[in-house]
Amino acid sequence: MYLRSSAEILFFFFSFLIFWILFESFFLLKKIVSQMTEEKDKYGKELDLAVRIVHMACSLCQKVQQRLISTASEQVLAKDDDSPVTIADWSVQAIVSWLLSEFLEGPNVCIVAEEDVQTLSKSDAAGLLAAVVNTVNECLVEAPKYGLQCPKKAPGTSKILEAISRCNSTGGPTGRHWVLDPVDGTLGFVRGDQYAVALALMEEGKLVLGVLGCPNYPMKKELLNYNHQSHQTMPKSPPPSDIWEKGCVMYARRGSAQAWMQPLIHGDSKFEWPNSARLIKVSPIDDPSLATFCEPVEKANSNHLFTAGLANSMGLKYVTFIFTSS
């Protein structure tokens, strides 16, 4: 009887032990899955908003650039370092600042950006300031097209100057900082060539997401091959419409191991996630002679003779693509 009871005790003990291990394993697995899901979804809200904001900024830049090229009505000024600045620079900075503050971060949003309001605040800059205010409000009216709510009342001059001024953070290794270059490649922008709108989020000194809008960059590489000799955004004889898809937004998030590219919104179309996004992949080419060679058009940023010699020594079979850089 004693031995039987001992066996029963051992049976129940090990049964309970097995049950407890399974119970703990279940909740541990559930916790791990939950953490993985949270990590996968982390910064999802920030990325979604950042992509929509950059789409809006690209639309704004396209309109300003078109007016600049067709009528020369937009002013191009020189900063203290002699680099150019346009209405698009201030307008994009105001748009990004206002939207991040309104929909995500609140009034204490921390943004590192290039432009300030000193030039716009001068007594002789009333016309320039009015143009920036008008450009910003024209863009905000289109917010519903990108799934965002437009302001009930158009921001006035003081609100727009405040939005631009808010981008005065110096960043740093701690905290959360948005980093913005409103028009990366202003020289290309004023020439009607390539430029970019660049927005990223830093957290505790680490880059957690990045969005790059390229309003004049084609979705398909065929157009670059079609137009490499003229070094212009739009060729004199446009290729077929199915090839010419002007403008794209590329984005990636830390930990996702993927980067995506979306076409810009044109006409009456509305932005709907994921907006025909395509996965960006690194070229599988490992033969240097088959590579595509790129360099800046500005001689100050590249030694064209040296790079031409380098390309020749590598036996490159494809023509060099020359892009504008600031």
Side-chain angles (χ1 to χ4, degrees), residues 45-46 48-68 73-77 79 84-171 175-184 186 189 197-202 211 213 215 265 271:
K45 183 179 180 180
E46 290 88 342
D48 180 273
L49 179 60
V51 169
R52 294 173 192 271
I53 289 174
V54 171
H55 269 281
M56 288 182 63
C58 287
S59 176
L60 181 156
C61 287
Q62 285 181 322
K63 292 175 182 176
V64 174
Q65 188 185 55
Q66 185 59 40
R67 292 198 295 263
L68 176 68
S73 62
E74 307 292 339
Q75 291 176 278
V76 180
L77 305 179
K79 294 191 282 190
V85 60
T86 71
I87 286 174
D89 292 85
W90 285 299
S91 299
V92 168
Q93 190 160 308
I95 285 290
V96 173
S97 175
W98 193 89
L99 292 172
L100 285 177
S101 174
E102 188 73 12
F103 294 107
L104 188 65
E105 304 284 4
N108 295 323
V109 60
C110 182
I111 305 175
V112 182
E114 288 190 338
E115 313 307 337
D116 55 43
V117 297
Q118 292 182 4
T119 300
L120 294 176
S121 301
K122 293 179 180 178
S123 58
D124 60 349
L128 177 64
L129 178 56
V132 170
V133 172
N134 184 59
T135 301
V136 170
N137 282 307
E138 281 182 352
C139 182
L140 288 176
V141 167
E142 293 188 339
K145 181 177 176 179
Y146 300 93
L148 300 174
Q149 187 176 359
C150 64
K152 295 180 180 179
K153 182 180 179 181
T157 300
S158 61
K159 289 293 184 181
I160 290 176
L161 287 175
E162 179 184 333
I164 297 172
S165 300
R166 197 181 291 131
C167 306
N168 61 356
S169 171
T170 56
R176 179 182 173 106
H177 315 284
W178 289 91
V179 183
L180 169 69
D181 191 337
V183 179
D184 184 9
T186 307
F189 178 79
V197 177
L199 180 63
L201 177 59
M202 302 283 295
V211 185
I265 301 299
F271 182 94

For side-chain contact (heavy atoms from CB on, under 4.5 Å), just list the numbers for Ile265 and Ser59, CA-CA rounded to whole Å, side-chain angles, deciding distance to a tenth of an Å, and then say yes or no.
CA-CA 8 Å; Ile265 301 299; Ser59 176; over 6 Å; no
**Request:** For side-chain contact (heavy atoms from CB on, under 4.5 Å), just list the numbers for Ile87 and Leu68, CA-CA rounded to whole Å, side-chain angles, deciding distance to a tenth of an Å, and then say yes or no.
**Result:** CA-CA 10 Å; Ile87 286 174; Leu68 176 68; over 6 Å; no
Check against side-chain contact (heavy atoms from CB on, under 4.5 Å), Val109 and Leu104: CA-CA 8 Å; Val109 60; Leu104 188 65; over 6 Å; no
task = Report the C-alpha distance between Thr135 and Arg67 in whole Å, list the side-chain angles of each, state the deciding distance to 0.1 Å, and finish with yes or no for side-chain contact (heavy atoms from CB on, under 4.5 Å).
result = CA-CA 12 Å; Thr135 301; Arg67 292 198 295 263; 3.8 Å; yes
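Inter-residue side-chain proximity for Leu49 and Leu148 is flagged as met; some heavy-atom pair is nearer than 4.5 Å. The shortest distance between side-chain heavy atoms of Ser91 and Val64 does not fall below 4.5 Å. Using a 4.5 Å heavy-atom cutoff, the side chains of Pro182 and Val96 are not in contact.
A donor-acceptor contact shorter than 3.5 Å links the side chain of Gln62 to the backbone of Pro215. When atom types are taken as modelled, the side chain of Trp90 and the backbone of Asp116 share a donor-acceptor pair closer than 3.5 angstrom. Formation of a donor-acceptor pair under 3.5 Å by the Ser101 side chain with backbone atoms of Ser97 is not found in this model. With Glu114 contributing its side chain and Asp181 its backbone, the two residues share no donor-acceptor pair below 3.5 Å. Remark: the backbone N or O of Leu161 is paired with a side-chain donor or acceptor of Ser165 at under 3.5 angstrom.
Taken to the nearest 0.5 Å, the CD1 atom of Ile111 stands 11.5 Å off from the CD1 atom of Ile164. A distance of 12.0 Å separates CG in Asn108 from OG in Ser169, rounded to the nearest 0.5 Å. Going from atom CG of Asp89 over to atom OG1 of Thr186 covers 4.5 Å, rounded to the nearest 0.5 Å. For the atom pair NZ of Lys145 and SG of Cys150, the computed distance is 13.5 Å after rounding to the nearest 0.5 Å. In this structure, CZ in Phe103 is found 6.0 Å from CD in Gln149, a value given to the nearest 0.5 Å. Distance check: Ile95 CD1 to Leu140 CG gives 3.5 Å after rounding to the nearest 0.5 Å.
Residues satisfying the side chain to side chain donor-acceptor pair (under 3.5 Å) test with Trp178, not counting sequence neighbours, are Glu105. In terms of the side chain to side chain donor-acceptor pair (under 3.5 Å) criterion, residue partners of Glu46 (sequence neighbours excluded) are, by chain and number, Arg176.
Between Val133 and Pro155, the shortest heavy-atom contact is CG1-O, 4.2 Å. Across all their heavy atoms, Val183 and Cys61 have their closest contact at CG2-SG, 4.1 Å. Across Arg52 and Gly147, no two heavy atoms sit closer than the pair NH1-CA, 3.8 Å.
A donor-acceptor contact under 3.5 angstrom links the side chains of Glu138 and Asn134, judged on distance only.
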